[in-house]
Amino acid sequence: MVHGTTDTDVPYICAERLAAALKARGVKYELVTVENSGHGLSGGDKAEVQAAHDRALRFIREHLAK
């Protein structure tokens, strides 16, 4: 999951709750937080947003390959 901390459409706490639920059920997940970015990562630092997307893509590729 990639989520911005200032998202007003889907509050960041929703991502935290989903992460906790996945963890409780033993599901592999990763929550990538982008500080000061809104929905769709708008307003976030461009380099940080790109790094978050790259990290998410690595996670997807790693887990689809299994």
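Model, not experiment: these values are computed from the prediction. Here, residue 1 is the first one in the sequence, and each next residue gets the next number.
In this structure, the side chains of Asp54 and Arg58 come closer than 4.5 Å at one or more pairs of heavy atoms. Between Leu31 and Tyr12, the closest side-chain pair of non-hydrogen atoms falls below 4.5 Å.
Taking hydrophobic clusters as Ile, Leu, Val, Met, Phe, Trp and Tyr residues chained together by side-chain heavy-atom distances below 4.5 Å, Leu18 shares a cluster with Val27. Cluster membership check: Met1 does not share its hydrophobic cluster with Phe59, using side-chain heavy-atom separations under 4.5 Å among Ile, Leu, Val, Met, Phe, Trp and Tyr.
Of all the heavy atoms in Ala52 and Val32, the pair that sits closest is CB-CG1, 3.5 Å. In terms of heavy atoms, Asp9 sits closest to Asp7 at N-OD1, 2.8 Å.
Taking Glu30 as the reference, Arg55 meet the salt bridge (Lys or Arg N to Asp or Glu O under 4.0 Å) condition, with sequence neighbours excluded. Arg17 meets the side chain to side chain donor-acceptor pair (under 3.5 Å) test with no other residue; sequence neighbours excluded.
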Inset, instruction - In sequence, state the C-alpha distance, the side-chain angles, and the governing distance for Glu48 and Asn36, and then conclude on side chain to side chain contact (heavy atoms under 4.5 Å, CB included). - result: CA-CA 10 Å; Glu48 194 175 339; Asn36 302 313; over 6 Å; no

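Listed for the His3 side chain is no donor-acceptor partner under 3.5 Å among the backbone atoms of Cys14. The backbone N or O of Ser42 sits nowhere less than 3.5 Å from a side-chain atom of Ser37 that would complete a donor-acceptor pair.
In this structure, NE2 in His63 is found 12.0 Å from OH in Tyr29, a value given to the nearest 0.5 Å. In this structure, His39 NE2 and Thr6 OG1 are separated by 11.5 Å, a value rounded to the nearest 0.5 Å.
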